[in-house]
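Before any comments, here is the structure.
As the structure is a prediction and not an experimental result, all values here were calculated from the model.
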Amino acid sequence: NYSFVSEKEYDLFVPVNEQLWKVEKLIMKCIYDILNIPYNPKTETYTIINKINGEKYDKNQVIIDTNIRNGTELYFIKETD
């Protein structure tokens, strides 16, 4: 099951030498802070999907080894039970 946290769009710069799971945690922490919602990175995980081609990313990949580049639009979809 999946659910959206927010349908807002954010422009972000991410470090290309980090694994996707680390960047996910950083981005979600920022978004939750902006929305003023409590965030628990240990229990909240997200599926990361390319908005244009629907590709679902492996979170163990390093950003530079993916097709994520400047201007790439991503969905962060919360995984639920």
Distance alone, cut at 3.5 Å: any donor-acceptor contact between the side chains of Glu55 and Asn67?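 Present: a donor and an acceptor within the cut-off.
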message = Assess, by modelled atom type and distance only, whether the side chains of Gln61 and Thr66 contain a donor and an acceptor separated by less than 3.5 Å.
response =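 No.
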Roughly how far apart are Glu73 CD and Asp11 CG, rounded to 0.5 Å?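 Glu73 atom CD to Asp11 atom CG measures 9.0 Å (nearest 0.5 Å).
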Exercise. Could you give the distance from CZ (Phe76) to CD1 (Ile31), rounded to the nearest 0.5 Å?
Worked result: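 Between Phe76 CZ and Ile31 CD1, I get 6.5 Å after rounding to 0.5 Å.
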* **Pairing residues for Ile34 by the side chain to side chain contact (heavy atoms under 4.5 Å, CB included) criterion, not counting sequence neighbours** =>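 Partners of Ile34 under the side chain to side chain contact (heavy atoms under 4.5 Å, CB included) test: Tyr10.
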Does some side-chain heavy atom of Lys59 sit less than 4.5 Å from a side-chain heavy atom of Thr45?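 Thr45 reaches Lys59 side chain to side chain.
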Going only through I, L, V, M, F, W and Y residues with side-chain contacts under 4.5 Å, is there a path from [X] to [Y]?
X	Y	value
Tyr57	Leu12	yes
Ile27	Ile63	yes
Ile48	Val16	yes
Leu74	Ile64	yes
Met28	Leu26	no

Requested in this report: Output every pair passing salt bridge (Lys or Arg N to Asp or Glu O under 4.0 Å) with a member in residues 31-41, not counting sequence neighbours, ordered by first then second residue.
Outcome: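 Applying salt bridge (Lys or Arg N to Asp or Glu O under 4.0 Å) to every pair that reaches into residues 31-41, excluding sequence neighbours, yields Lys29-Asp33.
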- Query: What is the minimum heavy-atom distance between Val23 and Glu18, and which atoms define it?
  - Reply: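 Result for this residue pair: CG2-CB, 3.9 Å.
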Using 30° and 60° as the class limits, which term best fits the ring planes of Tyr32 and Tyr46: parallel, tilted or perpendicular?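 Rings of Tyr32 and Tyr46: perpendicular, as their planes differ by over 60°.
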